[in-house]
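Scroll down for the structure; my scribbles are underneath it.
Quick caveat: nothing in here was measured; it's all calculated off a predicted structure.
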Amino acid sequence: MSKVRYQLFLDAALSTRFEQLAAQPGATKSGILAAALGDWLDRRSRLAFEDRYGPRLDRMSLALGRIERDLQILLETLALLVRYELAVHLPLSADDDAGRAEARARFESFVVRVARTVASGQRTFSSEDTAR
């Protein structure tokens, strides 16, 4: 590994601190300066990375927070709907085959409707629905 020689000028107070640090066992002036310069350059590259991608990551974090909030609202709404439906509708008797067939047909129709709506990208509940 080839090395390049540099000549540096330090003020007296910094020079004194540098000499004291270099006087410790196992420390060299070149090693101290190389480590300090490497750390400084690494910190600068991290700051450049944060400057470049920080705002984008902040926007993504906010968007994920909104998605999480909306999902919690959706889950709570679904839970309340299921609780309401279970409380309002009586269970079918064991010998009510016609009622069970009707329920199965309604459920299959519901699943097809949800699949069609999701595939088309439509929204069942939109801001127009809330205005009505």
Side-chain angles (χ1 to χ4, degrees):
M1 173 170 95
S2 66
K3 295 185 178 184
V4 178
R5 181 181 174 105
Y6 288 93
Q7 182 176 357
L8 303 173
F9 296 96
L10 303 174
D11 63 34
L14 188 57
S15 177
T16 302
R17 290 176 59 198
F18 181 54
E19 292 293 336
Q20 289 171 349
L21 188 60
Q24 295 178 359
T28 64
K29 290 180 180 179
S30 293
I32 293 169
L33 289 176
L37 183 59
D39 288 346
W40 186 82
L41 291 173
D42 289 344
R43 186 174 56 248
R44 293 289 296 176
S45 65
R46 278 194 308 270
L47 291 175
F49 179 84
E50 288 177 12
D51 288 345
R52 180 176 219 167
Y53 295 108
R56 182 179 298 164
L57 291 172
D58 289 343
R59 285 192 307 272
M60 290 171 67
S61 294
L62 288 173
L64 284 174
R66 285 191 300 270
I67 289 169
E68 184 178 5
R69 181 205 63 210
D70 291 350
L71 182 60
Q72 289 298 323
I73 292 169
L74 180 64
L75 289 173
E76 184 63 25
T77 303
L78 180 61
L80 289 173
L81 176 66
V82 168
R83 181 181 293 159
Y84 172 79
E85 288 295 318
L86 291 174
V88 170
H89 294 279
L90 296 174
L92 296 174
S93 65
D95 60 346
D96 190 1
D97 294 333
R100 292 186 191 288
E102 178 66 25
R104 198 170 16 264
R106 285 182 180 180
F107 181 73
E108 288 174 9
S109 174
F110 169 75
V111 170
V112 168
R113 173 78 188 265
V114 168
R116 202 176 322 131
T117 303
V118 170
S120 70
Q122 295 176 340
R123 302 240 181 206
T124 300
F125 184 78
S126 65
S127 57
E128 295 172 3
D129 293 331
T130 57
R132 288 186 209 154

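- Under a hydrophobic clustering in which Ile, Leu, Val, Met, Phe, Trp and Tyr are joined whenever their side-chain heavy atoms come within less than 4.5 Å, directly or via other members, L8 and F18 fall into the same cluster.
- In this structure the side chain of M60 reaches within 4.5 angstrom of the side chain of R56, judged on heavy atoms.
- Hydrophobic clustering of Ile, Leu, Val, Met, Phe, Trp and Tyr side chains at less than 4.5 Å, counting indirect connections, keeps L37 apart from I32.
- The number of heavy-atom neighbours closer than 6.0 Å to CD of E85, taken from other residues, nucleotides and ligands shown, is above 12.
- To the nearest 0.5 Å, the span separating CG on L10 from CD on E19 amounts to 9.0 Å.
- Remark: T77 OG1 to D70 CG distance equals 10.5 Å, nearest 0.5 Å.
- A donor-acceptor contact shorter than 3.5 Å links the side chain of R100 to the backbone of S93.
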Walk me through it: do R46 and E50 pass the test salt bridge (charged side-chain N to carboxylate O under 4.0 Å, His left out)? CA-CA 6 Å; R46 278 194 308 270; E50 288 177 12; 5.9 Å; no
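- A donor-acceptor pair under 3.5 Å is formed between the side chain of T117 and the backbone N or O of R113.
- In this structure, CG in L21 is found 10.0 Å from OG1 in T28, a value given to the nearest 0.5 Å.
- Note on V118 and F110: same hydrophobic cluster, where clusters join Ile, Leu, Val, Met, Phe, Trp and Tyr whose side-chain heavy atoms are under 4.5 Å apart, directly or indirectly.
- Linking Ile, Leu, Val, Met, Phe, Trp and Tyr residues whenever their side-chain heavy atoms come within less than 4.5 Å leaves L57 and L64 in two separate clusters.
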